[in-house]
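Since the structure comes first, as structure tokens, the remarks are kept for the end.
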2 protein chains.
Amino acid sequence: MFVKKKKIETVDTREQLLKTASKLFGEKGFEAVSTRELAKAADVNIAMIAYYFGSKEGLFKAMIEERFPKTVTHLRNIQKNEGNAWDKISAVIDLYLEKIIGDSSFHKLVFRELSLEQRPEHRELILSGIEKNWEVIKTYIREGQESGDFKENIDIELTIASVFGTIFQLINMPCWTIRLLGEKDEKFVKSEAFKTRLKKHLKDMMKAHLFTEQYFEKMTPSV
Amino acid sequence: MFVKKKKIETVDTREQLLKTASKLFGEKGFEAVSTRELAKAADVNIAMIAYYFGSKEGLFKAMIEERFPKTVTHLRNIQKNEGNAWDKISAVIDLYLEKIIGDSSFHKLVFRELSLEQRPEHRELILSGIEKNWEVIKTYIREGQESGDFKENIDIELTIASVFGTIFQLINMPCWTIRLLGEKDEKFVKSEAFKTRLKKHLKDMMKAHLFTEQYFEKMTPSV
DNA sequence: GATTAATTTAAACAAACGTTTAGTTTTGCA
DNA sequence: TGCAAAACTAAACGTTTGTTTAAATTAATC
């Protein structure tokens with residue numbers, strides 16, 4: 001009886017709002033973006049925010065819920081496909097780097113939200129979406145420990161913090177990064193050259209950090 | 001002729017505003033804190049913001065300029081006092097950890113500002129205050145390379161990013177950290193226990209990352 | 001103690017904010 | 001084609017925003 005009549009072949013206003021919100025909130029912060037600015041950038045009437053999401057905050061929450069990357073599935077695929085523990089760690093680094101560089105303004109926004117003492121429900125939403133990923137990574141590190149390749153005395157949690165921290169520091173603060181690297185254009189942090197460099201650094205550092213000294217001696221006997 | 005008459009023995013209104021601004025802006029973000037809320041928290045009349053700083057933004061800028069830690073001097077003292085390259089790196093890690101944990105809401109604010117595409121002048125102000133520090137750290141790493149203790153093929157800039165990234169990730173997002181560590185109280189990230197743990201992790205990781213394999217063999221011949 | 005400048009106050013300012021309204025257009029199905 | 005639900009619009013809503021005002025208070029100098 002109350003069947004909603006759906007338009008066909010129409011620019012999706014709702015989707016346009018979500019997309020624009022992700023971009024602008026990421027660039028400027030939630031409070032700094034007015035509903036008028038947002039609606040104009042999305043080429044949509046202001047009232048559509050209330051129509052589809054109830055409020056500006058509703059739009060924010062919906063954006064987090066719907067656009068949050070389903071990374072845990074990809075992580076579990078790594079578990080099946082890749083070889084030894086290091087290959088899995090290596091694949092995790094690649095996966096996260098691609099994800100975060102691929103949608104950097106969303107990730108800026110998400111991690112800025114975690115640094116704020118506003119909107120605890122949003123923080124909870126984000127954290128519950130992330131924490132499953134940690135568990136998968138932990139099992140990979142433990143796997144390497146059990147096979148004897150990785151050191152026994154690794155601080156697994158803080159190692160995870162180092163991988164994410166390195167990536168976020170460089171991707172979420174492009175102005176910091178280009179200053180550190182002596183580059184001119186902020187687009188550099190999205191380049192393939194930088195991606196390759198960052199992957200190499202992270203993997204080199206993690207190799208040295210995770211593998212036992214015995215493993216290195218075994219692998220490079222005549223260097 | 002235009003000698004300003006200064007009050008004596010008065011609660012410093014100006015200082016109170018700077019202190020409160022640092023706290024509230026760090027916790028909630030610049031735009032999310034209203035002048036009324038700020039003035040009330042500082043127990044000061046709203047008009048005092050314009051009186052001392054011209055505007056809310058003027059207060060923000062003055063806060064960055066005046067409260068920005070003069071770390072480079074401490075870093076140079078390390079250069080004089082400590083022994084070999086590793087001792088200096090180790091001292092740098094200690095120094096930064098103490099600084100950042102000691103005034104975490106200010107550092108939250110500073111690095112949040114770097115992730116935003118608002119107020120480029122503020123970004124410039126912050127970056128020019130930081131970049132001198134990088135140079136000092138770079139010389140320490142190069143020192144270790146020249147003495148033959150550190151690897152030759154280290155990505156020095158991204159290594160700096162890893163150290164800062166790890167610290168900021170953990171300190172600027174306490175909710176993320178306690179979730180990762182399975183702790184209950186956010187105050188844990190300010191505890192001595194956590195400080196010790198983080199120092200150990202960073203130094204372990206950096207040792208493995210920086211030192212040559214030859215160095216480890218030399219140091220631990222019978223393990 | 002009078003004077004003058006520095007500081008503080010409460011009240012008011014216009015502009016911008018998020019949201020709502022009431023009405024119009026578009027759509028899908030009969 | 002007619003009609004009701006859905007989608008959209010322009011205008012207005014009451015608040016809150018950052019800032020200013022003009023007057024009152026406090027402090028330092030003579």
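Numbered from 1 within each chain, the chains take letters A, B, ... in sequence-line order. Note that the coordinates shown come from a computational prediction; the quantities given were computed from them, not determined experimentally. All values below were derived from every heavy atom in this structure, side-chain atoms included, with hydrogens, water molecules and symmetry-related copies excluded.
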I want to check one thing: is the phosphate of [N], taken as OP1 and OP2, less than 4.0 Å away from some side-chain N or O of [X]?
| X | N | result |
| --- | --- | --- |
| B/Tyr51 | D/dT20 | no |
| B/Thr35 | D/dT19 | no |
| B/Thr13 | C/dT7 | no |

Can you measure [X] atom [atom1] to [N] atom [atom2] for me and round it to whole angstrom units?
| X | N | atom1 | atom2 | value |
| --- | --- | --- | --- | --- |
| B/Phe53 | D/dT19 | CZ | P | 13 Å |
| A/Glu37 | C/dA15 | CD | C1' | 16 Å |
| A/Phe60 | C/dG18 | CZ | C1' | 16 Å |

Between [Y] and [X], is the closest basic N to carboxylate O distance under 4.0 Å?
| X | Y | answer |
| --- | --- | --- |
| A/Arg197 | A/Glu192 | no |
| B/Lys28 | B/Glu37 | yes |
| B/Glu98 | B/Lys195 | yes |
| B/Lys23 | B/Glu27 | yes |

Requested in this report: Write out all pairs satisfying salt bridge (Lys or Arg N to Asp or Glu O under 4.0 Å) with one or both partners inside residues 168-179 of chain A, taking only residues at least two apart or from two chains.
Outcome: A/Arg179-B/Glu124, A/Arg179-B/Glu131

Report task. Kindly state each residue pair satisfying salt bridge (Lys or Arg N to Asp or Glu O under 4.0 Å) with at least one member in residues 44-56 of chain B, sequence neighbours excluded. Result -> none

Query raised in the report: Checking all strands, does B/Ser34 fall into the base, sugar-phosphate, or nothing category for heavy-atom contacts under 4.0 angstrom?
Result: sugar-phosphate

Output one line per pair: protein atom, nucleotide atom from nucleotides 9-12 of chain D, and distance, for all N/O pairs under 3.5 Å.
unit_1: D/dT9; atom_1: OP2; unit_2: A/Asn45; atom_2: N; d: 3.4
unit_1: D/dA10; atom_1: N7; unit_2: A/Asn45; atom_2: ND2; d: 3.4

